[in-house]
Each structure stands twice: as structure tokens, then as C-alpha cells.
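Presented below is the structure to which this report refers.
Order of the sequence lines fixes the chain letters, A, B, ..., with proteins taken first and strands second; residue numbering starts at 1 for each chain.
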Amino acid sequence: DARVTQTPRHKVTEMGQEVTMRCQPILGHNTVFWYRQTMMQGLELLAYFRNRAPLDDSGMPKDRFSAEMPDATLATLKIQPSEPRDSAVYFCASSGTGGSGANVLTFGAGSRLTVL
Amino acid sequence: AQRVTQPEKLLSVFKGAPVELKCNYSYSGSPELFWYVQYSRQRLQLLLRHISRESIKGFTADLNKGETSFHLKKPFAQEEDSAMYYCALKLDAGGTSYGKLTFGQGTILTVHP
């Protein structure tokens, strides 16, 4: 059963520290998304990539967030410096193109971030 | 701009009662709608999509373009249906599918015994 793998699962850090979250999409999926989940806002799209190229990162605070996809098996989301308001669960999801699975997102387990 | 609205943050029903989770969208193009579900301690996963016109776990959802709604319904709720439910909208990107989904804020459904 193919899965999207995210690390770390939990991260507690202090304000001002750098946080890096990693995602391994399903092999063969060429579209990767980063979402942030909070009780107030629900699921917000931060950024997404297709064939490793960034398509839309308008949902991401540019001054402190950055998203990259150095290769087809790794996507990263970095926060520097982190702030308490960044505390949330960050989800990575991937999808393929074509066929019945197109447009269907497979989500990772999420990275729960707490910034003190 | 596209938007998905789920007006109820919390919804409680008793086992065996009908349940309806509301979802309204605003989008000028041809939408594709989905319902995703997140059970406790599990990953967010697809429940159903409107183009499939299927019933999953007893749930159905009909796209009503006149009312711009995609409400999720089940005639007899079960305790195991308790979860967070998200409605999502995929934009029609001129025929080129990138799969970008805009989600609503989610509804927490609690089914009491």
C-alpha cells in the first residue's frame, strides 16, 4: 500500500529556531502539495509542485517559509525563524495525473509542530 | 476567487439518525467536488468525489449547481462515522489537470450511541 511519508511526526521547538519538514511522495506521483491544518482555518494550501517545479506558493508567508523539491522523492518545507503562530499540523499530499487516480490526493500522516 | 464553505464546525447526531454535512462553493468555472474524511489518529483520505456518483460507507453527495452545493448525506449515522469531514473543490484549469484542491474549514461529526 503506497504511502506518503512525512518526517518528523512531532516537533517542539522554541521561537526563532529553524524547522524543516520533509515529505516523500508516492513513487510516480508528480504533484506534491503542502497544507497547514489549524482549528480556525481548516486546511490551507501553502504551496504545490508539479514535476518538481513550484506552481503556486501564494498561500505561504514568503518572509519565513520556503518550499523546495530537490528531487522527485523529496519535498521540504522550511520555516526560519519559527513563531508560535506557526504551530499547526503540516500535511504533505501527492497525486498523479491521468486515470481514475488523477486529482485524488494521498495525504501523509502530518507533522505536528509546536513553537513555544 | 474560488471558495468552499462548510457552515458547521461541529455536528452532533445520535446513532441511527440521518446526517447531512453542508458544503457550499463559489466558483465560476466547472467544478469538481470531493469529500475527504479524517478519522481519529488516521490520515486524511478521500471519501467520495462527485464524478463517481457512488455511495461510500452509506454516504452520498449530489452536486447541485443551481444552489452551488455539495452536501454529504447518510440516512442512518453510525458511531464509526465520527470524524472530521472536509469538502474540497478542484479548479478547472483549462483542461490541464494539476489537482489543486481548495478545502473548506471542516466539520467535526460526532455520532452518539
- Specify which of B:Lys9, B:Gln42, B:Gln45 makes the most heavy-atom pairs with chain A at under 4.5 Å.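 It is B:Lys9.
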- Task: Using the side-chain contact (heavy atoms from CB on, under 4.5 Å) rule, take B:Leu46 and A:Phe107 through it: C-alpha gap first, then chi angles, then the decisive distance, then the call.
- Result: CA-CA 9 Å; B:Leu46 177 70; A:Phe107 281 82; over 6 Å; no
Take atom [atom1] in [X]; do more than 12 heavy atoms of anything else shown fall under 6.0 Å from it?
{"X": "B:Glu80", "atom1": "CD", "answer": "yes"}
{"X": "A:Leu27", "atom1": "CG", "answer": "no"}
{"X": "B:Phe14", "atom1": "CZ", "answer": "no"}
{"X": "A:Glu14", "atom1": "CD", "answer": "no"}

In this structure, would [X] and [Y] fall into the same cluster of hydrophobic residues linked by side-chain contacts under 4.5 Å?
{"X": "A:Ile79", "Y": "A:Phe33", "answer": "no"}
{"X": "A:Tyr48", "Y": "A:Val89", "answer": "yes"}
{"X": "A:Val104", "Y": "A:Leu45", "answer": "yes"}
{"X": "B:Tyr85", "Y": "B:Leu89", "answer": "yes"}

- chain B interface, residue from A:Gly110, A:Gly59, A:Gly42 that has the most non-hydrogen pairs under 4.5 Å: A:Gly42
- Message: Tell me which one of B:Leu101, B:Leu44, B:Thr102 satisfies side-chain contact (heavy atoms from CB on, under 4.5 Å) with A:Leu43.
- Response: B:Leu44
- Query: Of the non-hydrogen atoms in A:Val4 and B:Arg43, which two are nearest, and what is the gap between them?
  - Reply: O-NH1, 2.7 Å
- Query: Within a strict 4.5 Å, meaning less than it, do heavy atoms of the A:Met39 and B:Ile108 side chains meet?
  - Reply: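 In short, these two side chains touch, coming nearer than 4.5 Å.
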- Task: Compare all side-chain heavy atoms of A:Gln37 with those of B:Tyr86 and state whether any distance is below 4.5 angstrom.
- Result: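 Touching, per the 4.5 Å side-chain cut-off.
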- Task: Counting only heavy atoms closer than 4.5 Å, note whether A:Glu44 contacts chain B via side chain, backbone, both or neither.
- Result: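 No part of A:Glu44 comes within 4.5 Å of chain B.
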- Query: Between A:Asp56 and chain B, which part of the residue has a heavy atom less than 4.5 Å away: side chain, backbone, both or neither?
  - Reply: side chain
- How long is the span from the OH atom in B:Tyr36 to the CG atom in A:Leu105, to the nearest 0.5 Å?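 Answer for the OH-CG pair, B:Tyr36 versus A:Leu105, is 4.5 Å.
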- Message: Donor-acceptor pair, distance only, cut-off 3.5 Å: does the side chain of A:Gln41 make one with the backbone of B:Gln105?
- Response: no
- Item | Part of B:Gln38 lying under 4.5 Å from any heavy atom of chain A |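 For B:Gln38, side-chain heavy atoms alone lie under 4.5 Å from chain A.
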